[in-house]
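Below you'll find the structure, written out as C-alpha cells, and then a few comments.
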Amino acid sequence: MTKHRILRQMAAASAIAAVAVGLVGCGSSDSGSDGAEQKTTTTAAAEQVALSEEQATAAATTHADLVWASYTDTVDAATQLQTDIAAFVADPTDATLETAKQSWLTARDAYGPTEVFRFSDGPIDNPDDGPEGQINAWPMDEAYVDYVEDDPEAGIINDAEGVPEITREVIVSANEEGGETNISTGWHAIEFLLWGQDLSESGPGERPVTDYTTSPTAERRGQYLTQVTDLLVEDLTGVADQWNPEGGAYRTEFLEDPDQAVSDILRGMGALSAGELAGERIAVALDTKEQEDEHSCFSDNTLADVINNARGIQLAYTAEYEGVDGPSLSDVVADVDPELDADLLEQLEANVARAEGLEKFGTFEEIIRSDEDSEGHVEMSGLVDDLQAQGDAIAAVGAALGYEVSLEI
C-alpha cells in the first residue's frame, strides 16, 4: 500500500468522524445511526456456517453469472467508446468530441456497479497482476499527462524530447511512477483528455477541439487518447474473461469454495459501502471541499459514480440483472433469517434512493462546496453515515451466517 493511499485512508477516517459530528450539530435525525458508533470493521462470526453447501453454491453461482454479465456489458460499452474515440481522432469536430464524451459517460455508468466485485483479491484487484490501478486509479494530477492552466508545456504529451513516441509501453510504465497521483491510464486519463481541466465551479471541463486539430501537439494527444482507450478495453476484457462460464479460470476457482465465495461477496459489499464509498469518495471531499477529491472531476460525473456504486452494492445482494437467473445471496439469507434479509434489503434500497436524491441539489462539486447547513450538504453527510451503518449491517449478516467480514480497504 502506498504512503498516499494510507494518508487518504487516514483522512477518510477523520472526515467520517467530522461528518458524524456535523450531523449531530445540525440536528439531523434521519440518518442510519450515530457516526460515532460506526467504528466496527469486523463482527464476531457464529461458530458454524448457517448456509448449507447447496445454498452457498447456488448463491455463488448466481453471483458468478452476475459478474460475467456486468463485465460483459461494461466491455461492450467500452468498446463503443473505443469506436467513438477512434472516429473523433480521425475527424476531430465538436460533434465527434461530444459523441466521444457521451460514450465515456455511458461506459462509466456501466462500470460503476462492478466496483462491488473488488476487495477480495479477484481478477480486478489481485495484488500480483490485477489491473484495477491501471483502470480506475485516482485522484489524477492532470499536469502529469497534458497541459494545465498554469503550465502549457506540462505532461507526457508535451514532452516530445523526453518521450519521443507515444506508445502503450510508455503509458503503462508511467502509471503511478513516482507517485500515486501520477495517473497515466484508465477512465480518468481518458476523461481528462476529453474534457480537460475543470476550471468551473458549476460545470465540467471545456477542452477545445482545437487541441486535436491546430495544436502543435494535436497528433500526440490523439495518439495518447487512442492508446489509453485501447488499453482500457483490453484490461476490462481480460477481467471479464476470467469470469466466463465457458472456461473462465477465476470463475472455476471461485466456485470451488462456495463458503469463501459468499464471504467474498459480502466483503466486497461491505468494504465498498463503509470504506471506499462512504469514506474515501464522499467524506474526504465533504471535509476538504476540494475539487481534486472528486472521483470524476473533469466531467462532473462524480455523483453518478456515487449512485452507481450504491446500486452495485444492492445488485451484489439481489442479483437482479437482465439475463441473470438463480438464487441470489438475498434469497438464501431469507431462507435462514427472513428478518435479517428484509432489514438489509431495506437499507440497500434506502441508500440507493438517498444517493439518487442528491441529484436535485446540483453536481457533487456544488454540494461539497455548499454551506455545511445547506440541505444538499446535510443530505450527503447523512448518506455517509447511512453507508457506514450499511457496512456494519453487511458484516452482521455475514456474522449471522458464520463468516467474519472485514470492512477494511
Side-chain angles (χ1 to χ4, degrees), residues 4 81-82 84-105 108 134-232 290-302 363 365:
H4 184 81
L81 170 64
Q82 182 183 38
D84 290 335
I85 281 180
F88 164 63
V89 171
D91 180 24
T93 66
D94 288 333
T96 55
L97 176 56
E98 184 60 30
T99 298
K101 288 179 178 180
Q102 290 303 314
S103 280
W104 186 93
L105 293 170
R108 184 71 181 168
Q134 195 163 274
I135 289 172
N136 196 40
W138 73 289
M140 177 184 177
D141 178 4
E142 311 98 299
Y144 188 61
V145 169
D146 201 0
Y147 76 89
V148 291
E149 184 181 33
D150 297 327
D151 192 350
E153 303 300 321
I156 296 169
I157 287 171
N158 292 286
D159 186 14
E161 182 176 346
V163 186
E165 188 177 357
I166 303 290
T167 65
R168 173 79 60 86
E169 290 72 22
V170 164
I171 293 172
V172 170
S173 63
N175 196 49
E176 296 185 318
E177 178 68 24
E180 197 177 57
T181 63
N182 290 346
I183 309 303
S184 61
T185 67
W187 289 109
H188 302 298
I190 298 169
E191 179 193 10
F192 173 53
L193 289 171
L194 291 175
W195 274 272
Q197 257 186 307
D198 181 6
L199 303 175
S200 168
E201 292 188 7
S202 59
E206 297 181 343
R207 183 183 288 277
V209 73
T210 51
D211 277 1
Y212 291 89
T213 56
T214 59
S215 167
T217 50
E219 184 177 359
R220 285 172 62 86
R221 191 167 290 109
Q223 290 169 347
Y224 197 115
L225 180 58
T226 299
Q227 291 281 359
V228 75
T229 306
D230 291 348
L231 177 63
L232 176 68
E290 289 294 332
Q291 182 191 69
E292 292 300 318
D293 288 319
E294 285 189 69
H295 202 185
S296 297
C297 65
F298 312 117
S299 61
D300 271 351
N301 196 61
T302 304
T363 65
E365 181 179 357

Report task. Not counting sequence neighbours, which residues clear ring-ring contact (aromatic ring centres under 6.0 Å, His included) with H295? List them please. Result -> W138, H188
**Report entry** Passing option when F298 is tested against W187, F192, W195 for ring pair (Phe, Tyr, Trp, His ring centres under 6.0 Å)
**Finding:** F192
**Report entry** side chain to side chain donor-acceptor pair (under 3.5 Å) involving E294 - partner list, sequence neighbours excluded
**Finding:** T302
Report summary line: OG1 of T99 to CD1 of I85, rounded to nearest 0.5 Å, is 11.5 Å
Query raised in the report: Are the side chain of N158 and the backbone N or O of A154 linked by a donor-acceptor pair below 3.5 Å?
Result: yes
**Report entry** 4.5 Å side-chain heavy-atom contact, Q82 and T229
**Finding:** yes
Requested in this report: Output yes when a side-chain donor or acceptor of T217 lies under 3.5 Å from a complementary backbone atom of I157, and no otherwise.
Outcome: no
Query raised in the report: Heavy-atom distance under 4.5 Å between the side chains of L232 and T185, does that happen here?
Result: no
Requested in this report: Would you please name every residue forming a salt bridge (charged side-chain N to carboxylate O under 4.0 Å, His left out) with D198, sequence neighbours left out?
Outcome: none
Report task. Could you check E176, Q134, E142 and say which one makes a side-chain contact (heavy atoms from CB on, under 4.5 Å) with I183? Result -> E176
**Report entry** Pair listing, ring-ring contact (aromatic ring centres under 6.0 Å, His included) test, anchored in residues 140-183, at least two apart
**Finding:** none
Query raised in the report: Going by heavy atoms in the side chains, are Q102 and L105 under 4.5 Å from each other?
Result: yes
Query raised in the report: Is any side-chain heavy atom of K101 less than 4.5 Å from a side-chain heavy atom of L97?
Result: yes
Query - T210 side chain reached by T213 side chain, heavy atoms, under 4.5 Å - result: yes
Report task. Of all the heavy-atom pairs spanning P164 and R220, show the shortest one and how long it is. Result -> O-NH1, 3.3 Å
Query raised in the report: Where do S184 and A174 come nearest, in terms of heavy atoms and distance?
Result: OG-C, 3.4 Å
Report task. Please name all residues satisfying salt bridge (charged side-chain N to carboxylate O under 4.0 Å, His left out) with R207, sequence neighbours left out, ordered by chain then number. Result -> D146, D211
Query raised in the report: Can you list every pair that meets ring-ring contact (aromatic ring centres under 6.0 Å, His included) and has a residue in residues 206-232, with sequence neighbours left out?
Result: F88-Y212
Query raised in the report: If we only count heavy atoms from C-beta on, is the S200 to E206 side-chain gap below 4.5 Å?
Result: no
Query raised in the report: When R221 is tested against each of I166, V89, L193 for side-chain contact (heavy atoms from CB on, under 4.5 Å), which residue passes?
Result: L193
Query - E219 atom CD, neighbour heavy-atom count above 12 within 6.0 Å - result: no
Query raised in the report: Looking at CD of E191 and CZ of R108, how far apart are the two atoms once the value is rounded to the nearest 0.5 Å?
Result: 7.5 Å
Query raised in the report: Where is the tightest heavy-atom contact between V170 and I156, given as atom of each residue plus distance?
Result: CG1-CG2, 4.4 Å
Report summary line: Rounded to the nearest 0.5 angstrom, the CG-CZ distance for D230 and R168 is 6.0 Å
Query raised in the report: Of all heavy-atom pairs between E292 and P139, which one has the smallest distance, and what is that distance?
Result: O-CB, 3.4 Å
Query raised in the report: Between the main-chain N or O of E149 and the side-chain N or O of Q197, is there a donor-acceptor pair closer than 3.5 Å?
Result: yes
